[in-house]
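Proteins get letters first, then strands, A, B, ... in listed order; numbering begins at 1 in each. Everything numeric in this text was worked out from a predicted model, so none of it was measured.
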Amino acid sequence: MVVASPLAAYLLVAALLFAIGLAGALTRRNAILVLIGIELMLNAANLNFIAFWRYGPHPEALTGMMFAIFSIAVAAAEAAVGLGLVIQIYRHTRTTDLDQMNRMKG
Amino acid sequence: MSFVFYLIAALTLAGGLAAVLLRNTVHCALALTVAFAGLALLFLGLDAQFAGFAQILIYIGAVAILVVFAILLTRSSETAQEGVFSKSWFAGLVIAAGVFAVLGWAVLAGARALPLVAAAPTVTVQDIGNALVGRYVLPLEIVALLLTAATIGAVIVALHEKERTR
Amino acid sequence: MLGEGILKGMLETAKNFAGSFVSEERLTTVEYPEQRIPTIENTRVFPFLVYDGPDWQAGMRCVACQICEKECPPKCIYIEKSKDKKPDFVGKMQIYPARFDIDVSVCMSCQICVEVCPFEAIKMDTQFELATDDRFGDLLLDRHELAKSNEYYHSIHPAEAAEVDARLAHEKAVAEAKARAAAEKAAADAAAKAAAAKPEMPAVGGR
Amino acid sequence: MAAAPISITLDQIFLLLRDWLVGFLPAGVRPAAGAVLGVIAIVCVFPGLFALTTVFERKGLGRMQNRLGPNRVGPFGFFQPIADGIKALTKEDVIPFRADAAVHFLAPLVLVVAVFMGFAVLPMGRNMVLVDMDAGLLFFFAMGASTELSVFMAGWSSRNKYSILGAMRAVGQMISYEVPLLLSSVSVVMITGSLSLTKIVAAQNQYTGIFPHWYVFTPWGFAAFLMFAIAATAETNRTPFDLPEGESELVAGYFTEYSGFKFALFFLGEYLGMFSISGLGATLFLGGWSAPLSFLSVVPSWIWFFAKVMAAIFVFIWMRGTLPRLRQDQLMNFAWKFVLPFTLLNLVVTALWRFMGEGWARWVVCTAILAGAYVLMGRIEMRRKHFGPRSYRYAE
Amino acid sequence: MSIAATNANRADGWNRPPVIESEGEGELLEVAMGPHHPSTHGVFRMDVALDGERVIRLKPVFGYLHRNHEKIAEGTSYLASMPYTDRLDYFCSLTNNWAYALAVEKLTAQEVPERAQYIRVILAELTRIQNHASTIGFLLQEMGASGTPLMYAFREREKILDLFESLTGSRMMCNYMRFGGCRVDVSEPWLDATRKVVAGLPAFVEEFEALLSGNEILMARTQGVGVLKPDLAVNASISGPMLRASGVNYDIRKIDHYGIYDRFKFRVPLGDHGDIYDRYMVRVLEMRESIGILNQALKEVPGGPVMDPKAKLRGFRPKAGEAYGRIEAPKGELGFYLISDGSPNPYRYRVRPPSLINLTVLEDMCLGQNVADVVLIFGSVDIVLGEVDR
């Protein structure tokens, strides 16, 4: 597939990655793999931010770059909390299988 | 678009695909790091050095490690005997495909309006620093607060219950 | 202060590091095959059989009394007595070992055979480089391999060997005097035999 | 060039050599070829240094323990690494039956590649840096962070309890100490105002009289250097922080199941990590390639760089010869409850230094704060953990 | 936290180790440390169940080195058992010799000449010093000090072993003492050489202490780790430096006055905490006391024979009866119990090995500790597998 604009190519890659992440998050049973899917989606978004910054009209304003950097920081926090939750759930239910996590009570 | 770009993009997407498709959870995590590394290379290709290195430092150095730790702690590295995909996998796949179709359509439809080439912006680390403590100082502080809260939260969530009640 | 003890320790190793270049006292190791520390005279490794004179078979002191075989803690000595007799160093007719084997792979170098031997016939060697790839053949020493001359004994344990020689000379003199006296009484053979063959306790400590 | 004094020629000899070699090629590929030559040089020099270091380490340790060390192969045993290399190459490559063969194979490669990447931004002499990156320091830490993954891969793929335990320990330790490592470097960045390692060296390459402006000679710099050294030791898994491979408990930690060439690669990776982190420490605090006294600048700059690296390596060996190792929980506690707060405090002190302006006052204030904090925190640490010197009673 | 509670509940003393609960995921990691593990001092196995890095269960498994020592001794003459005793605790063959000789001398009511008594004391204290030094060296080796303290200990031990070799003919398997004295007499040059070595020992202990005692890492690793309570130590009949580190004043040299120990002035160092650091320090201080004893003994070695002239080397038949000879070996109370039925070999021969008995509290000391501490606690017990398994 030949795309004229390099930006469009980056955007397509990001879209594909986002879709892969989404598919992973929606179809996997293991809670950790769902988190992996979410991470992929976040990264796809980051790629978009950077690509738009690079090919945007005002790269010196650094907006896209800043978004990406903040999003990386937020993603780190998200991963830490998410995985902490998974571990805690595992302690209670002895499983990380989301299909079996169907009770509100621990 | 250069050959290198396609190579890196293929690597990234392959890593991402492997991360959601492989049966062995640890392999998934390792494939995820490949995807992260590919993304970092893409960032470098976009002249975003700082973001690229931060990507490696945080995603490969921290998030991937967190993921593998979580996998080991929850003993999910042993490949599950029954299916690894959820019962509603088909619906999930359809939704994902739909989302990709919409996004792809949007990109391709708007491709004509996109700029063809742009001069590489000359951004030094100093500029980023100045922006961070200048224009973006409020978000920076908020992120700092968020990170602190997340650290404390993660520690409390993952603590043993007995120790918490003590 | 945190780190004080660590610094003190580091200083100590530094002292040793520098010292090992300066003082021979510190560097206790040697480069073994080329460089050897002198063997200590009292060192004991494995036993050997002493013989006097040039012929190992004729001069062998052992009379196959089998005390060492009996006392050996790991039972690594095997002796077969001879049917015939040969004269010992005093000139008296004695049986001798037709077979005398020591399995040095079993021997634990305890020196008890040496202590209990009334004839000063078995002594401890200082030869320790016995490595071999034939565990059963090469480490089972027969009487020929075990036999070492009195000169060799003198060369490895000079002080001890001199003491032993003096004692043997004394014994010989006593025996000869006794033999002479006995011969005069014309009951030489029986009396002399009884005197020489009586196993006397070796003085403990006096090797 | 011919007019340049001999000292400058010597100083730049490798660059001149590179330019001369590249000169044979068409102009279009010259920059790429130059970079390739630089990579080749790094890939040759540091493993060579590694070979030399192994024999120096063994001999040095031997001397500290009143032994001779290796002395069989070649004169004074200096060909020992060659013998070791041949042995490692010819040994059977054992892969455990249950091991994950692909990951098992990839782990040492990932480690060595990641470690090699770090050298790209280290200025090893005047103008001698492979890639002069604006975010060089960040790049270095990014590469350092990726080694953790290879450690995990090695431990996990071996399917051995000792391996996995060692890998978990190693990864936990490396993550914990990465934070103080980064933060202690940040104080240098605060003063220099740049993440570029060449600029950091240039900032230190000035002299007052004959004495250099190295950061280690300032209170904040000394404190940061101390914390950096501690964190670097932990980061490279050296004594007293070598418990991921503490053989008394874990046999060999995460590379228990490795043999032959792959084991050699791990070994290489570990030593290369030592070189790179020592090089970084020298660059950040010890003036990189600059001479220790102004009149010594005639000596080529790369000699100073390598001399500093080797001095750091000697300290590593020295510590290995002296110190016992810590326990896992103590190590973590030390990182989070002593090193990290102290580096944070040091950041504040660095800022203070920056804004107090020239004069003796800032020396006194900064030194007092740091020394006081060190003594106090050390006292608290020992009190809290209930350890300290004891006295003993006797019965007649 | 739960250990202390369980320990307190066991009013009956020491029946079985306390049971501690796993707090984690419930799945324990079971690791077999040994028999071929770098830090088990030989062939010894500990089956450890770990919760994370915490020890939940520990089962010591020994017997890999069983050599039938006691049964062999019952089948051979009294003299032929003497070289076998060398091989019990191969670090301290001379004290083993002494304990066995003491038992036989009690059985046969033999006198030991003055000079032999002094020689025995000198050799025993030299043995104690080299044993304690090497033990500390091995302990530090397990702590990861890459062998430096061990090498210093061995450097000094080498000098002592040279003395042993020039006197007894062997460095480790000395086989030197006999019933009623010693095998060979010491010479004046040997005594002078010994005086020289002893004069160098204080500097060595100083060096050792400078290297180790104040080291923060060592203190952090050892203080409060592997605590052995005095009552448990007494109930489990622990002896030697390990018992004294728990604060119990029990030294057979002071209690039995065997040999001629009542003639020397020395003190018994006691620890207050019973942890690894106390065991380490008690050994260091004991080395200092031993140097004091050596100095006194070397000053006043009397002349005379070294062997009771009435003593028979072989073929003697002790009267029917029993005897128990015990000494303060470097590792603890080493005793030999002999029953004679009037034949040339003992009817019953029993060794009370300090290593084995000190090892019985291993699980109590290790439970709830970190796995890395297990090897340290094990090392601080100071065992030799030759003596544990016999």
Counting only non-hydrogen atoms closer than 4.5 Å, can you tell me which residues of residues 278-286 of chain E sit against chain D? D278(E), M281(E), L285(E)
Below 4.5 Å, heavy atoms only, C-beta onward: do D373(E) and R327(D) meet side chain to side chain? yes
Counting only heavy atoms not in R72(D), do more than 12 sit closer than 6.0 Å to its CZ atom? yes
Taking the side chain as everything from C-beta on, heavy atoms only, tell me whether R325(D) gets closer than 4.5 Å to R221(E). yes
Salt bridge check, D329(D) against R54(E): does any charged N sit closer than 4.0 Å to a carboxylate O? no
Between CG on residue L61(D) and OG1 on residue T148(E), distance to nearest 0.5 Å: 6.5 Å
Listed by number, the residues in residues 207-215 of chain E that come under 4.5 Å of chain D (heavy atom to heavy atom) are L211(E), N215(E)
When rounded to the nearest 0.5 Å, the distance separating CG of L323(D) from CD of E216(E) is 10.0 Å
Out of P149(E), G379(E), P269(E), return the one with the most heavy atom pairs under 4.5 angstrom to chain D. P269(E)
Counting heavy-atom pairs under 4.5 Å to chain D, which of R244(E), K265(E), R155(E) comes out on top? R155(E)
Does any part of the side chain of H273(E), heavy atoms only, come nearer than 4.5 Å to the side chain of R390(D), both counted from C-beta? yes
Is it the case that atom CZ in F50(D) sees more than 12 heavy atoms from other parts of the structure closer than 6.0 Å? yes
So which atom in Y152(E) and which in Q65(D) form the shortest heavy-atom distance, rounded to 0.1 Å? CE2-CA, 4.0 Å
For the residue pair P324(D) and I217(E), what are the closest heavy atoms and their distance? O-CG2, 3.4 Å
F266(E) portion near chain D, given a 4.5 angstrom heavy-atom threshold: backbone
Quick check for you: among L376(E), V374(E), D272(E), which has the greatest number of heavy-atom pairs under 4.5 Å with chain D? D272(E)
